[in-house]
Protein chains: 2
Amino acid sequence: MNIPSVKDLGALVRDRRHKLRMTQQALAEKVGVSRAWLVALEQGKPSAQIDLVLRTIRELGLSLRIEAENPAARSHEIDLSAILQAGKKGAPKK
Amino acid sequence: MNIPSVKDLGALVRDRRHKLRMTQQALAEKVGVSRAWLVALEQGKPSAQIDLVLRTIRELGLSLRIEAENPAARSHEIDLSAILQAGKKGAPKK
DNA sequence: TTCTTTTGTCTTCGTTCGTTGACACACTAG
DNA sequence: CTAGTGTGTCAACGAACGAAGACAAAAGAA
């Protein structure tokens with residue numbers, strides 16, 4: 001599943017936790033975080049630490065993946081122009 | 001690509017940045033973070049904020065994905081027993 | 001319906017985050 | 001070789017993080 005925002009991530013964590021029939025307290029204990037932190041994450045807390053997030057999804061039997069996006073599908077983003085500019089800059093390299 | 005640790009994530013960010021021929025400064029500006037933060041992330045900083053991480057990989061033309069792991073491939077982890085226990089707990093639900 | 005469990009929210013506190021600016025070191029181009 | 005560029009590291013600082021504990025509200029069970 002693609003995760004465009006921390007909100008989506010939080011929703012997935014909650015959904016998965018429910019599927020595993022775990023309470024927030026139980027999962028928090030397994031991960032080694034406070035229950036309050038997990039509540040916040042599930043609500044999409046943008047400042048959660050990446051390592052705690054990683055541990056949480058691992059405890060949920062999930063894995064983090066990063067994939068290249070299809071540039072054609074991102075016509076509304078500015079990354080394409082940045083990539084092209086970077087490509088031009090690096091092109092004359094000998 | 002699977003990302004088991006923040007170290008791996010950092011290495012991927014650096015690798016991708018190089019492929020795009022961007023400097024740390026340029027990428028940091030695009031993302032809206034300090035260069036020092038990006039340096040730390042590329043070195044695998046576990047406490048980096050998830051939202052900043054998300055923005056960084058987005059700027060690199062990458063997307064975050066989360067997938068269910070294959071339980072059989074995780075025989076050395078304790079998550080399998082946790083999942084089974086949770087399954088048992090929820091089994092008698094009517 | 002009542003009772004129990006789960007979740008949401010809050011305060012307090014010590015710790016650490018991200019930023020800024022500077023400097024050292026490594027790398028690259030000519 | 002030198003000059004310029006890129007990266008690594010550091011200290012200081014204000015902001016905010018995560019933990020702990022408590023209570024309220026919502027959800028679930030009987």
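A quick note: this is a predicted structure, and the numbers were derived from the prediction, not measured. So that the names make sense, note that chain A is the first sequence line, chain B the second, and so on, each numbered from 1.
Neither OP1 nor OP2 of C:dT16 sits under 4.0 Å from any side-chain N or O of B:Lys45. For D:dT5, neither phosphate oxygen OP1 nor OP2 lies less than 4.0 angstrom from any side-chain nitrogen or oxygen of B:Gln25. Note on A:His18: every side-chain N or O is 4.0 Å or more away from OP1 and OP2 of D:dG28.
Taking atom CG of B:Asp51 as the reference point, atom C1' of C:dG18 lies 13 Å away to the nearest angstrom. For B:Arg21 and D:dT5, the CZ to C1' distance is 16 Å, given to the nearest whole Å. The CD1-C1' distance, from B:Ile50 to D:dC17, rounds to 15 Å in whole Å. Atom CD of B:Gln24 and atom P of D:dT9 are 11 Å apart (whole Å). If you take CG of A:Leu38 and P of D:dA20, they are 14 Å apart, rounded to a whole angstrom.
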Next on the checklist: Please determine whether side chain to side chain contact (heavy atoms under 4.5 Å, CB included) holds for the pair B:Arg16 and B:Met22, giving the CA-CA distance in whole Å, both sets of side-chain angles, and the decisive distance to 0.1 Å.
Outcome noted: CA-CA 9 Å; B:Arg16 179 72 177 187; B:Met22 293 177 80; over 6 Å; no

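Side-chain proximity of A:Ser47 to the nucleotides C:dG18, D:dC17, C:dT9 is greatest for D:dC17. Looking at the side chain of B:Trp37, the nearest of the listed nucleotides D:dG8, C:dT19, C:dT7 is C:dT19. Ranking D:dG8, D:dA19, D:dT7 by closeness to the B:Arg14 side chain, first place goes to D:dG8. Closest approach to the B:Ser34 side chain among C:dC17, D:dG18, C:dT20 is made by C:dT20 (side chain taken as heavy atoms from C-beta onward). In the set D:dT9, D:dG18, C:dG8, D:dG18 carries the atom at the smallest distance from any side-chain atom of A:Leu52. Comparing atom distances between the A:Gln49 side chain and each of D:dT7, C:dC17, C:dT19 picks out C:dC17 as nearest. Checking D:dT7, C:dG18, D:dA19 against the side-chain heavy atoms of A:Val33 singles out D:dA19 as nearest.
Counting distance only, with no hydrogens placed and no angle test, the side-chain atoms of B:Arg35 and the base atoms of D:dG6 include no donor-acceptor pair under 3.5 Å.
A:Leu27 contributes atom CG, which lies 5.0 Å from atom CG of A:Leu60 (distance to the nearest 0.5 angstrom).
For the salt bridge (charged side-chain N to carboxylate O under 4.0 Å, His left out) test with B:Glu42, the passing option among B:Arg35, B:Lys7, B:Arg14 is B:Arg14; the others fail.
Within 4.0 Å (heavy atoms only), A:Gln43 reaches sugar-phosphate atoms of the nucleic acid but no base atom. Note on B:Ala40: nothing from the nucleic acid sits closer than 4.0 angstrom, heavy atoms only.
Minimum heavy-atom separation, A:Val31 to A:Glu59: CG2-CG, 3.7 Å. Taking each heavy atom of B:Arg65 and A:Asn2 in turn, the nearest pair found is NH1-CB, 3.7 Å.
Taking for each of B:Arg17 and A:Ala48 the nucleotide of DNA chain D with the nearest heavy atom, the 5'-most of the two is the partner of B:Arg17.
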